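First comes the structure, then the notes that go with it.
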Amino acid sequence: MKQRIFSFLLALGCVFALSACGQEEEPETESEATAVEITKVERGSISAESSVSGQVVSGKQESVFVALSARCTKVYVEAGDTVSAGQTICTVDIAATMANYKTAQMSYANAQKSYADQSAVLSQQVAQAEKNLSDTQALFEMGAASQLEVDTAKLQLDNARASMNSALDQLQVGMQNYKATMEQLEASLANINSNGNVVAPISGNIVSLSATENGFLSPGAPVATIDSTSDMEIQVGVSEALVGKLRTGGNVSVRVDSANKEFQGTIASIDKGANASTHLYGVSIKVPAGYTNGLLSGMFADVVFYTDTQRDVVIVPTEAIQTGIDGSYVYILDSENIAHRVPVETGLVGDGETEITSGLSGGETLVTVGQFYLSEGAQARVVTPEVKP
């Protein structure tokens, strides 16, 4: 009995042994390979980035004043509106002022004419007295006139000249008085056209407005204050560690979320000294003309400065780099799509890109998605990224 049981077990063992010997290791199928996305490693330029918060400001601000107290009959704008140069802000009642101005203008014109007419008449009288003196002196030299007659002719000339100067001086004073009155009225109508409209001197955004319908404008208060939209700037404060790396004319990236705008700006100026309160250095950034519409003073802006530029270096997507206990590494694929773990050293970090200073030279097939599921020698399957709708 024992012998039969032993024989059965021996036979069963042989069957299992033969079965095991007959099995072969199946190769990894394509469906079992790790799906990855790839890119070619390229060389190019990269800059370090520093992000700083700032504010939108107007490079030019102008207040609109009127020099007379007048009733405002109509207001056409509100604070916060955008206006163009020459656009009407409000209308004021200037009927009385215009009447006085026209009277002064006519008086000045009449005074000018009177001065010219009197000057012509008096000049003729002086010329006649000069001729009389000349003729009398000629007769005196011939013995046909006495010295008394010469002295009398000379006295007549002096009197004619004195009369002319006195009369013209008086006319000049009157004319200047009329001119001063006219100029004073002209000054009071500054920024107001002949229809009584107060107009915007520049294009921009109205940041304050004092005019109210049926209210009176005061000469001491601006009717409106306008921020120019053609000279917008971004102002930021940067640390002493960053200011030394910036240069006037350098390009920066700007994003103003509240206006939904992104653009490339230019560094217009850099303060030579730090602010006493913040210990930061002021930097002004010029906004390109095509991006000023919609920007308002006081809006917050995010500014990215680019420094320490490196050219003709190996650049890879930052997301492709992994970090382990032995440092940074990436995965590349060979011609058979076999993954290889490559240690790398990194340099500058830019916008989604990182400089590789050691480990890659350019041209390698780099794994950018799926690398976290790879290991050395693993089979990879390259897939095309899904196109987002």
Side-chain angles (χ1 to χ4, degrees), residues 49-66 72 74-92 190-192 197-213 215 217-218 220-239 242-243 246 248-271 274-275 277-278 280-306 351:
E49 298 181 1
S50 299
S51 297
V52 182
S53 295
Q55 276 191 319
V56 178
V57 299
S58 175
K60 179 181 180 182
Q61 186 180 84
E62 190 160 334
S63 295
V64 185
F65 287 90
V66 294
C72 184
K74 189 71 175 177
V75 179
Y76 302 95
V77 296
E78 297 179 352
D81 286 353
T82 299
V83 296
S84 301
Q87 182 176 336
T88 301
I89 297 173
C90 63
T91 301
V92 296
N191 297 320
I192 306 175
N197 296 327
V198 179
V199 299
I202 61 173
S203 298
N205 299 312
I206 296 180
V207 295
S208 67
L209 181 70
S210 64
T212 59
E213 193 164 330
L217 301 180
S218 172
V223 177
T225 300
I226 303 173
D227 275 349
S228 171
T229 53
S230 60
D231 299 283
M232 303 299 286
E233 294 180 351
I234 309 296
Q235 289 188 350
V236 300
V238 301
S239 66
L242 178 58
V243 70
L246 305 180
T248 301
N251 293 326
V252 302
S253 294
V254 180
R255 186 177 73 254
V256 184
D257 288 336
S258 56
N260 194 27
K261 289 187 180 294
E262 291 189 24
F263 53 86
Q264 295 293 309
T266 304
I267 298 177
S269 63
I270 303 172
D271 289 351
N275 182 281
S277 300
T278 64
L280 298 176
Y281 293 81
V283 178
S284 296
I285 299 159
K286 182 71 174 178
V287 178
Y291 294 89
T292 58
N293 188 32
L295 294 182
L296 299 175
S297 292
M299 286 182 171
F300 289 100
D302 295 317
V303 179
V304 178
F305 293 99
Y306 302 101
D351 183 13

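Predicted model, so just to flag it, every value in this text is computed and none were measured. Residues: numbered from 1 along the sequence shown. Both backbone and side-chain heavy atoms feed into the values below; hydrogens, waters and symmetry mates do not.
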Name all residues meeting the side chain to side chain donor-acceptor pair (under 3.5 Å) criterion together with [X]; count only those two or more places apart in sequence or in a different chain, and write none if there are none.
{"X": "Thr91", "answer": "Tyr76, Asn197"}
{"X": "Thr248", "answer": "none"}
{"X": "Ser297", "answer": "Asp227"}
{"X": "Glu62", "answer": "none"}

Quick one: pull up [atom1] in [X] and [atom2] in [Y] and give me the separation to the nearest 0.5 Å.
{"X": "Glu213", "Y": "Cys72", "atom1": "CD", "atom2": "SG", "value": "7.0 Å"}
{"X": "Thr82", "Y": "Leu296", "atom1": "OG1", "atom2": "CG", "value": "6.5 Å"}
{"X": "Gln87", "Y": "Ile206", "atom1": "CD", "atom2": "CD1", "value": "7.5 Å"}
{"X": "Leu295", "Y": "Glu233", "atom1": "CG", "atom2": "CD", "value": "12.0 Å"}
{"X": "Asp81", "Y": "Leu209", "atom1": "CG", "atom2": "CG", "value": "9.0 Å"}

Closest contact, heavy atoms only, [X] versus [Y]:
{"X": "Gln55", "Y": "Gly298", "answer": "NE2-O, 3.4 Å"}
{"X": "Ser203", "Y": "Ser84", "answer": "OG-CA, 3.4 Å"}
{"X": "Val238", "Y": "Phe305", "answer": "CG1-CE1, 3.8 Å"}
{"X": "Pro222", "Y": "Ser210", "answer": "O-OG, 2.6 Å"}
{"X": "Ser253", "Y": "Tyr306", "answer": "OG-OH, 2.5 Å"}
{"X": "Val199", "Y": "Val64", "answer": "O-CG1, 4.1 Å"}

Tell me, please, which residues at least two apart from Phe263 pass ring pair (Phe, Tyr, Trp, His ring centres under 6.0 Å). Tyr291
Establish, from distance only, whether the side-chain atoms of Thr225 and Ser63 form a donor-acceptor pair under 3.5 Å. yes
Between Val198 and Val66, does a side chain to side chain contact (heavy atoms under 4.5 Å, CB included) hold up when you go through it step by step? CA-CA 8 Å; Val198 179; Val66 294; 4.0 Å; yes
Does any part of the side chain of [Y], heavy atoms only, come nearer than 4.5 Å to the side chain of [X], both counted from C-beta?
{"X": "Thr88", "Y": "Lys74", "value": "no"}
{"X": "Val52", "Y": "Leu242", "value": "yes"}
{"X": "Val252", "Y": "Thr266", "value": "no"}
{"X": "Asp271", "Y": "Val243", "value": "no"}

Quick one: salt bridge (charged side-chain N to carboxylate O under 4.0 Å, His left out) pairs with a partner in residues 287-306, sequence neighbours left out? Arg255-Asp302
